[in-house]
Amino acid sequence: MKNFSKKLFICFSAKDRYDIVQPIVYHLKNYGVDVWYDRYEMIMGDNRIKKNIEEGAGTCEYALIILSSNTIDSLCATEEIKILESRYYERKVTIFPILYELRPCDIPPQFKWINNLIFKEVNRTSGTLEICNHIACKITQDILKNCKYRTIKEIISSNLPLPNVVYSLLDRYTKIDNENLNSRVTLLYATYLIITESNVFAINQLCEVPYKVFERLFTETLLNLAIDYRELWLLENSLCILIEYYYISCTESKI
């Protein structure tokens with residue numbers, strides 16, 4: 001399996017950069033998502049509009065559209081959205097729409113197609129981590145499409161040559177009440193430690209996103225977190241991917 005390296009383009013107005021864009025970029029980078037962000041991609045002398053449209057909106061497999069009153073007034077951003085809309089209907093890009101301090105009823109007619117997608121409404125006080133959890137869930141789901149075992153239950157019945165303690169932890173995980181989120185997260189994290197410490201270099205190099213999902217969980221919260229089902233789903237996806245890479249790395253090392 002090859003490493004997953006699809007980029008996510010962020011479409012926004014420069015006036016919204018500091019209020020919402022940079023916090024989102026911060027979280028996405030912590031998740032290991034390869035972000036196409038103008039401050040990372042452009043240097044002095046570049047044609048801003050041409051580079052954004054041709055290299056960003058025109059090629060990235062994912063796009064985050066931050067739609068606000070500022071975006072609507074931005075010629076560059078509206079042109080990017082037109083490109084993304086066309087590519088969306090051609091099934092060439094996955095769109096993540098955000099309405100930033102903008103009501104759905106205030107979306108201009110040329111952007112009404114966004115109402116067909118699931119979007120999030122955000123303001124200056126609502127935070128951005130939940131948005132990034134949704135994005136990371138979708139990306140890990142796409143990675144899982146190339147994995148043989150895509151759920152915890154499938155791994156338990158797989159007979160993969162995993163450490164016995166991994167099977168014990170996962171079996172206990174499936175028996176914990178769904179409402180007991182913190183206990184479930186703790187077992188997932190314990191399983192993650194066993195898998196990664198067995199072959200941490202190979203897994204980190206091959207699959208950055210799920211590896212960083214778990215690292216962010218620990219370094220930012222020390223497991224003392226108010227977790228939701230979306231985040232638990234993200235952790236399950238990430239663990240299944242890591243186990244796939246663990247098995248592949250162990251198999252390749254014997255060849």
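- Taking 4.5 Å as the limit, every side-chain heavy atom of Val209 sits out of range of all side-chain heavy atoms of Ile241.
- Under the 4.5 Å side-chain criterion, counting only non-hydrogen atoms from C-beta, Tyr167 is in contact with Leu162.
- When the side chains of ILVMFWY residues are joined at heavy-atom separations under 4.5 Å, either directly or via intervening members, Leu84 and Tyr89 end up in a single hydrophobic cluster.
- Checking Thr71 against Ser68 by side-chain atom types alone, a donor-acceptor pair falls below 3.5 Å.
- A 4.5 Å side-chain heavy-atom check between Ile152 and Cys240 finds at least one atom pair inside the cut-off.
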- Query: Could you go step by step and tell me if Lys148 and Glu244 meet the salt bridge (Lys or Arg N to Asp or Glu O under 4.0 Å) rule?
  - Reply: CA-CA 8 Å; Lys148 185 175 181 180; Glu244 177 96 0; over 6 Å; no

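- Tyr88 is listed as a side-chain neighbour of Leu117, based on a closest heavy-atom distance under 4.5 Å.
- Under 3.5 Å, the side chains of Tyr62 and Asp142 contain a donor-acceptor pair of N or O atoms.
- Within the 3.5 Å criterion, the main-chain N or O of Cys60 finds a donor-acceptor partner in the side chain of Arg87.
- Judged by distance alone, with hydrogens and angles left aside, the side-chain atoms of Ser183 form no donor-acceptor pair with the main-chain N or O of Asn180 at under 3.5 Å.
- Note: Leu64 CG to Cys11 SG = 8.5 Å, rounded to the nearest 0.5 Å.
- Looking at every heavy atom in both residues, Arg230 comes nearest to Cys137 through O-SG, 3.4 Å.
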- Candidate pair Glu236 and Tyr173, rule side-chain hydrogen bond (donor to acceptor under 3.5 Å, both in side chains), full reasoning: CA-CA 11 Å; Glu236 285 188 4; Tyr173 174 80; 2.4 Å; yes

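- With respect to Glu61 and Lys7, no salt bridge is recorded, no charged nitrogen being found less than 4.0 Å from a carboxylate O.
- Taking the charged nitrogens against the carboxylate oxygens, Arg216 and Glu231 do have a contact shorter than 4.0 Å, which makes a salt bridge.
- The shortest side-chain heavy-atom distance between Leu99 and Val122 does not fall under the 4.5 Å cut-off.
- Going from atom CG of Leu187 over to atom CG of Leu239 covers 10.5 Å, rounded to the nearest 0.5 Å.
- A side-chain donor-acceptor contact under 3.5 Å links Lys112 to the backbone of Ile107.
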- Task: Evaluate the criterion side-chain hydrogen bond (donor to acceptor under 3.5 Å, both in side chains) for residue pair Tyr192 and Glu215; output intermediate values, then yes/no.
- Result: CA-CA 10 Å; Tyr192 156 79; Glu215 286 302 300; 2.3 Å; yes

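- By the 4.5 Å heavy-atom criterion applied to side chains, Ile53 and Glu79 are counted as neighbours.
- The existence of a salt bridge linking Asp19 and Arg124 is confirmed by a sub-4.0 Å separation between a basic side-chain nitrogen and an acidic carboxylate oxygen.
- Counting only distance, with no hydrogens or angles, the side chain of Ser157 and the backbone of Lys153 share a donor-acceptor pair below 3.5 Å.
- Remark: the Asn237 side chain and the Thr140 side chain contain an N/O donor-acceptor pair separated by less than 3.5 Å.
- The structure places NE2 of His134 at 12.5 Å from CZ of Phe119, a figure rounded to the nearest 0.5 Å.
- Side-chain contact between Tyr37 and Gln22 is present, with heavy atoms from C-beta onward closer than 4.5 Å.
- Put simply, the side chain of Thr78 gets close to the backbone of Leu75: a donor and an acceptor are under 3.5 Å apart.
- Annotation: the span from Tyr100 atom OH to Ser13 atom OG amounts to 11.0 Å, rounded to 0.5 Å.
- Within the cation-pi definition used here (under 6.0 Å to the ring centroid, within 45° of the axis), Arg17 does not qualify as a partner of Phe12.
- Under the 30°/60° scheme for interplanar angles, the aromatic rings of Tyr189 and Phe214 are found to be tilted.
- Between Asn178 and Leu232 there is no side-chain heavy-atom pair separated by less than 4.5 Å.
- With Ser74 contributing its side chain and Asn70 its backbone, the two residues share no donor-acceptor pair below 3.5 Å.
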